[in-house]
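Below is one structure, written out as structure tokens; comments come after it.
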Amino acid sequence: MSAFQQALSLARSAGDQDGVAEALTWFGHVYRAESKLDRAAECYTNARDIYIRSGDEFGQANMLRTLAVIHDRRSEYDRAEEHFIRAQEVFTRIGHNLCLAKTFRGLALLYHHQSKYDQAEDCYNRAYDIHARISDSRGQSITLTGLGDLHLARSQFTTAEEYYIRARDICARMGNDVGRAQTLTGLGEVYSVQSKYTAAEESYTQANEIYSRVGDVLGQAKTLARLAQLGQRQGNSVEAEAFASEARKLNPQVSK
């Protein structure tokens, strides 16, 4: 983190409060990626306080939304919802549509985690409408993938498949390989739980090839683990162990 530390030190020395807040935000992102959630929350809270003192509403709302994600990951659902709703109110007031859509997506995921599926679907739909209105294809694909995940959790397999296919096609048009791999993985799950093993294997294999090509080791390991599970379900223990072994080589934390 030496570059961030230097930036933070320089900003503090120069009395540049916006620079301090930006550096704290990046520190928070790094800590969050490392799952050091307490330290991430501290950085985001300090950045938010700076934005409050300077009257920067966008900065405040952005930190509220980011803190909400931290609370969601800690399963502190009431606090997460409170922060998301406060962020939603500010983004609505200042007219920042992209961040408003992201906030609705965050709320949708929060409700999904609590199995509040109707509320989650409503938030995803509101997010999708905004992304469509501002012609944000990436946001549309992410939201459609979320809706696919939601309907998969509800065992509404036909609807889940439709959403994943729509998301996959948008990602293909955009050249978003990682997004396409994620939708293919979702399709693999849809087919696997319905015992459509050939279709599931095809989807997982395509996803694995993409992850391998773009160098996403974790995505590759998780997909190989799913192929191993698929082999087990079909009684092919030799193939299953081969896939599981490859997954463990890439990431020992990925179980069969």
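Taking the side chain as every heavy atom from C-beta outward, Asn236 and Val238 approach each other to under 4.5 Å. Side chains of Tyr124 and Leu150 form a contact here, defined as non-hydrogen atoms less than 4.5 Å apart. Side-chain contact between Leu107 and Arg126: absent, with no pair of heavy atoms (C-beta onward) separated by less than 4.5 Å. A 4.5 Å side-chain heavy-atom check between Ile165 and Leu144 finds every atom pair outside the cut-off. Between Phe27 and Arg39 the shortest side-chain heavy-atom distance does not fall below 4.5 Å. With a 4.5 Å cut-off on side-chain heavy atoms, Glu121 and His151 count as touching. Within the 4.5 Å cutoff, the side chain of Arg154 has heavy atoms near those of the Asp118 side chain. At a threshold of 4.5 Å between non-hydrogen side-chain atoms, the residues Leu64 and Tyr51 do not count as touching.
When atom types are taken as modelled, the side chain of Glu76 and the backbone of Asp72 share no donor-acceptor pair closer than 3.5 angstrom. Checked by atom type and distance alone, the side chain of Gln114 pairs as donor or acceptor with a backbone atom of Leu110 at under 3.5 Å. One N or O on the side chain of Ser141 and one on the backbone of Arg138 form a donor-acceptor pair closer than 3.5 Å. A donor-acceptor pair under 3.5 Å is absent between the side-chain atoms of Ser203 and the main chain of Ala200, judged by distance alone. Formation of a donor-acceptor pair under 3.5 Å by the Ser245 side chain with backbone atoms of Ala242 is not found in this model.
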CA sep, side-chain torsions, deciding dist, call: Asp149, Tyr164, side-chain contact (heavy atoms from CB on, under 4.5 Å): CA-CA 8 Å; Asp149 295 340; Tyr164 285 134; 2.5 Å; yes
Steps toward ring pair (Phe, Tyr, Trp, His ring centres under 6.0 Å) verdict (His83, Tyr44): CA-CA 12 Å; His83 280 67; Tyr44 293 141; over 10 Å; no
Worked check of salt bridge (Lys or Arg N to Asp or Glu O under 4.0 Å) between Arg48 and Asp56: CA-CA 9 Å; Arg48 181 204 60 191; Asp56 183 340; over 6 Å; no
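Taking the side-chain hydrogen bond (donor to acceptor under 3.5 Å, both in side chains) definition, one finds that Arg79 meets it with nothing, sequence neighbours left out.
Evaluation of the side chain to side chain donor-acceptor pair (under 3.5 Å) test over residues 61-70, restricted to residues two or more places apart or in two chains, returns Asn62-Arg65.
Met174 and Ile134 sit in two unconnected hydrophobic clusters of ILVMFWY residues. Membership requires side-chain heavy atoms under 4.5 Å apart, directly or through other members. Connection of Leu109 to Tyr163 is established within a shared hydrophobic cluster, with ILVMFWY side chains joined at heavy-atom distances below 4.5 Å, either directly or through further cluster members.
Donor-acceptor pairing under 3.5 Å is recorded for the side chains of His131 and Arg105. Checked by atom type, the side-chain pair Arg226/Ser192 shows no donor-acceptor distance below 3.5 Å. The closest side-chain donor-acceptor pair between Arg73 and Ser35 falls under 3.5 angstrom. Inspection of the Tyr191 and Glu201 side chains reveals no N or O donor paired with an N or O acceptor under 3.5 Å.
Ring pair Trp26/His29 is perpendicular by interplanar angle, where above 60° counts as perpendicular and below 30° as parallel.
In this structure, CG on Leu184 lies 11.0 Å from CG on Asn208, to the nearest 0.5 angstrom. Arg213 CZ to Asp177 CG: the interatomic distance, rounded to the nearest 0.5 Å, is 4.5 Å. Note that CG of Leu187 is 10.0 Å distant from OH of Tyr204, once rounded to the nearest 0.5 Å.
For His71 and Tyr77, the ring centers are positioned 6.0 Å apart or more.
Salt bridge Arg168/Glu161: absent, no basic N to carboxylate O contact under 4.0 Å.
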